[in-house]
Asker: 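Take a look at the following structure, please.
Just so you know, residue 1 is the first one in the sequence shown, and it goes up from there.
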Amino acid sequence: MTHLEKLFGLQGKVAIVTGGARGIGKCAAENMAAVGADIVIFDLLEEAAAQTAREIADKYPVRTASFYCDVTKPEQVRERIAAAADKMGTLDLLLNNAGICIQTPVEDVLPDEWLKVIDVNLNGIFYMAQQFGKWLITHNRGGAIVNTASMSASIINTPQPQASYNATKAAVKHLTKSLAVEWVSKGIRVNSISPGYIWTDLTAAIREDYRNAWLAQIPMRRMGTPQELAGAIIYLFSDSAAYTTGCDVIIDGCFTVV
Ligand code: NDP
């Protein structure tokens, strides 16, 4: 084993990636496989999840699987985690990443829209972390969770109105710290990443005038790429981060600094 593999390798680890069919989750899954992790994709996009799993297995010498899983359904989450463990033999890592963003001025937000964003971005993160952690504890195993928060946990984005998104991401950041403290004695580390504006289907769907405004606000004058998050995610999962838990890693081209 090379020194780099000792520092950052995920050989023999089994990782679930939610929202892994595309975007940040897909890119992270590919990179985690490249450093040795077996990958299980959970997503609403069943066919795209299966396709991502196939692509990864074709490219890297790892095992992959995919499951339809709606992270807002606690019983389904429990079943799918058990099914993933049965299929792969064990579980070690969770990239808790599925999320949505709906942009509406606060005065026009309907209760259903508010609840949907809370349900996916906060409840979904909780249900996945809860059942994954419970599985590890029941099987007397340590492990690691990385939650995808956002720089919106720390700042308020403009010009787009997205109070529900911002509120959920702030909650994810604090939930991460709560889980880290509660599970520190169980050998389960829990960290979050907080990306700035990253070019994916999620941001591509947002109004062009908003995106142009962001470019003027970002000190680096560009959006980031999913690839630019992958190294931080691998670090947080690796043995190099054995003393790192309850930490939020901001990757935002300097956005939150100014
Ligand atoms: P994408 O929309 O490209 O991918 C998200 C994936 O999650 C989609 O496949 C989506 O499926 C899936 N998903 C949505 N709801 C659920 C659910 N209930 N259960 C399971 N899967 C679900 O988004 P990104 O890759 O851009 O974002 C990934 C994460 O990163 C999100 O949490 C997002 O908030 C966060 N983030 C993104 C930033 C960015 O600039 N892109 C910046 C900061 C944070 P479907 O298409 O069917 O909804």
Asker: If the test is side chain to side chain donor-acceptor pair (under 3.5 Å), which one of N96, N147, N191, D248 qualifies with T176?
Answerer: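 Of N96, N147, N191, D248, side chain to side chain donor-acceptor pair (under 3.5 Å) with T176 is met by N147 alone.
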
Asker: Within the side chain of K169, is there an N or O that forms a donor-acceptor pair under 3.5 Å with the backbone of T148?
Answerer: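 Side chain of K169 to backbone of T148, a donor-acceptor pair under 3.5 Å: yes, one is there.
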
Asker: If you round to the nearest 0.5 Å, how far is OG1 of T225 from CD1 of I24?
Answerer: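 Between atom CD1 of I24 and atom OG1 of T225 there are 9.5 Å.
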
Asker: Would you find a donor on one side and an acceptor on the other, under 3.5 Å apart, between the side chain of E228 and the backbone of G253?
Answerer: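 No; judged by distance alone, with no hydrogens or angles, the pair does not exist.
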
Asker: Can you name the closest pair of heavy atoms from Y60 and E30 and give their distance?
Answerer: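 Smallest heavy-atom distance, with atoms named: CE1-O, 3.6 Å.
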
Asker: Atom CD1 of I198 and atom OG1 of T203: how far apart are they, to the nearest 0.5 Å?
Answerer: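 Nearest 0.5 Å value for the CD1-OG1 distance: 8.0 Å.
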
Asker: On a heavy-atom basis, which atom in D201 and which in R22 lie closest, and how many Å separate them?
Answerer: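 Reported closest heavy-atom pair: OD2-NH1, 2.8 Å.
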
Asker: Going from CZ on F255 to CE on M151, what distance comes out if it is rounded to the nearest 0.5 angstrom?
Answerer: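 Taking CZ in F255 and CE in M151, the distance rounds to 4.0 Å.
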
Asker: Would S154 and I250 count as a side chain to side chain contact (heavy atoms under 4.5 Å, CB included) here? Give the steps.
Answerer: CA-CA 9 Å; S154 307; I250 300 179; 4.3 Å; yes

Asker: Out of curiosity, does I100 fall in the hydrophobic cluster containing I193 (side-chain heavy atoms, cut-off under 4.5 Å, transitive links)?
Answerer: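 No: no chain of side-chain contacts under 4.5 Å links I193 to I100.
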
Asker: To the nearest 0.5 Å, tell me how far K6 NZ sits from S238 OG.
Answerer: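 So the NZ of K6 and the OG of S238 are separated by 14.0 Å.
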
Asker: Any non-hydrogen side-chain atom of T72 less than 4.5 Å from a side-chain atom of N123?
Answerer: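 A side-chain contact under 4.5 Å is absent here.
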
Asker: Just grab all the salt bridge (Lys or Arg N to Asp or Glu O under 4.0 Å) pairs involving residues 185-195, residues at least two apart or on different chains.
Answerer: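 Listed by first then second residue: nothing to list.
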
Asker: For a 4.5 angstrom cut-off between non-hydrogen side-chain atoms, does Q76 reach Y127?
Answerer: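 Sidechains of Y127 and Q76: no contact.
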
Asker: Show your reasoning for whether side chain to side chain contact (heavy atoms under 4.5 Å, CB included) applies to F237 and K13.
Answerer: CA-CA 10 Å; F237 280 140; K13 304 282 186 192; over 6 Å; no

Asker: Does atom CD (E208) have a neighbourhood of more than 12 heavy atoms from anything else shown, all under 6.0 Å?
Answerer: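 Not buried by this count: 12 neighbours or fewer within 6.0 Å.
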
Asker: Could you list the cluster mates of V106? Members are the ILVMFWY residues connected by side-chain heavy atoms closer than 4.5 Å, either directly or through other members.
Answerer: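 Joined to V106, directly or through intermediates: none.
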
Asker: Give me each pair satisfying salt bridge (Lys or Arg N to Asp or Glu O under 4.0 Å) with a member in residues 38-48, each pair once, sequence neighbours excluded.
Answerer: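 Those involving residues 38-48 are D38-R63, E47-R54.
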
Asker: Do Y68 and L44 have side-chain heavy atoms sitting under 4.5 Å apart?
Answerer: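 Contact flag for Y68/L44 side chains = yes.
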
Asker: Rounded to the nearest 0.5 Å, what separates atom CD1 in I145 from atom CG in L136?
Answerer: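 So the CD1 of I145 and the CG of L136 are separated by 7.0 Å.
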
Asker: Side chain of T52, backbone of A21: donor and acceptor closer than 3.5 Å?
Answerer: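 Checked: pair present.
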
Asker: Between S240 and L7, is there a donor-acceptor pair closer than 3.5 Å when you use the side chain of the first and the backbone of the second?
Answerer: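 Checked: pair present.
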
Asker: Report yes or no: do V77 and I16 belong to one cluster of Ile/Leu/Val/Met/Phe/Trp/Tyr joined by side chain heavy-atom distances under 4.5 Å?
Answerer: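 Shared cluster, yes.
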
Asker: Checking the side chain of S192 only, and the main-chain atoms of K173 only, is there a donor and an acceptor separated by less than 3.5 Å?
Answerer: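 Pair absent, no side-chain N/O of S192 close to backbone of K173.
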
Asker: Looking at A53, is its backbone amide N or carbonyl O close enough to the side chain of T64 to form a donor-acceptor pair, meaning the two atoms are under 3.5 Å apart?
Answerer: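 Checked: pair present.
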
Asker: Rounded to the nearest 0.5 Å, how far does NZ of K116 lie from CG of N121?
Answerer: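 Output value for this atom pair is 9.5 Å.
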
Asker: For P159 and Y210, work out which heavy atoms get closest and say how close.
Answerer: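 Minimum heavy-atom separation between P159 and Y210: CG-CD2, 3.5 Å.
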
Asker: Determine the interplanar angle of the W214 and Y197 rings, folded into 0 to 90°, and report it as parallel if under 30°, tilted if 30 to 60°, perpendicular if over 60°.
Answerer: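 Rings of W214 and Y197: parallel, under 30°.
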
Asker: Does CD in Q11 sit with more than 12 non-hydrogen atoms of other residues, nucleotides or ligands closer than 6.0 Å?
Answerer: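 Check passes, neighbour count above 12.
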
Asker: Mind checking whether Y235 and L93 sit in one hydrophobic cluster, side chains of I, L, V, M, F, W, Y counted as touching below 4.5 Å?
Answerer: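 Yes: a chain of side-chain contacts under 4.5 Å links Y235 to L93.
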
Asker: Are Q160 and Y165 close enough that some pair of their side-chain heavy atoms sits under 4.5 Å apart?
Answerer: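 Counting from C-beta outward, Q160 and Y165 never come under 4.5 Å.
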
Asker: What pair of heavy atoms forms the shortest contact from T200 to P226, and how long is it?
Answerer: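 Taking every non-hydrogen atom into account, CG2-CG, 3.9 Å.
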
Asker: Would you check if K134 and T138 make a side-chain contact, meaning some heavy-atom pair closer than 4.5 Å?
Answerer: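 When only atoms from C-beta onward are counted, T138 and K134 do touch, with a gap below 4.5 Å.
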
Asker: Check whether R141 reaches the backbone of D92 with its side chain - one donor and one acceptor, N or O, closer than 3.5 Å.
Answerer: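 No.
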
Asker: Please tell me if the side chains of T18 and L94 come closer than 4.5 Å, counting only heavy atoms from C-beta onward.
Answerer: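 SC-SC contact between T18 and L94 confirmed.
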
Asker: Mind checking whether K26 and E55 have side chains closer than 4.5 Å, heavy atoms only?
Answerer: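 The answer is yes; the side chains approach within 4.5 Å.
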
Asker: Inspect the surroundings of CG in N140 and state if more than 12 heavy atoms from other residues, nucleotides or ligands are less than 6.0 Å away.
Answerer: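 Not buried by this count: 12 neighbours or fewer within 6.0 Å.
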
Asker: Closest approach of P219 and V258, non-hydrogen atoms and distance?
Answerer: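 So the two residues come closest at CG-CG2, 3.8 Å.
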
Asker: Tell me whether W114 is reachable from V71 by hopping between hydrophobic residues (I, L, V, M, F, W, Y) whose side-chain heavy atoms are closer than 4.5 Å.
Answerer: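 Linked, V71 and W114 end up in one cluster.
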
Asker: Applying a strict under-4.5 Å side-chain criterion to I, L, V, M, F, W and Y, I'd like to know whether L10 and V14 cluster together.
Answerer: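 No, no single cluster joins them.
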
Asker: Does the pair W199 and R211 meet the rule for a side chain to side chain contact (heavy atoms under 4.5 Å, CB included), with working shown?
Answerer: CA-CA 10 Å; W199 189 251; R211 283 192 268 119; 3.4 Å; yes

Asker: What pair of heavy atoms forms the shortest contact from A149 to P195, and how long is it?
Answerer: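 Between these two residues, the closest heavy atoms are O-CD, 3.8 Å.
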
Asker: Do V35 and F8 have side chains that approach each other closer than 4.5 Å (heavy atoms only, starting at C-beta)?
Answerer: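 Heavy-atom side-chain distance check fails, nothing below 4.5 Å.
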
Asker: Could you point out which residue of N157, T168, T256 forms a side chain to side chain donor-acceptor pair (under 3.5 Å) with S152?
Answerer: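 Checked N157, T168, T256 against S152; only one passes side chain to side chain donor-acceptor pair (under 3.5 Å): N157.
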
Asker: Give a yes or no on this: more than 12 heavy atoms of other residues, nucleotides or ligands lie within 6.0 Å of atom NE2 of H139.
Answerer: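 Buried by this count: over 12 neighbours within 6.0 Å.
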
Asker: Looking only at atom types and distance, does a side-chain atom of E5 sit under 3.5 Å from a main-chain N or O of T2, one as donor and one as acceptor?
Answerer: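 Side chain of E5 to backbone of T2, a donor-acceptor pair under 3.5 Å: yes, one is there.
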
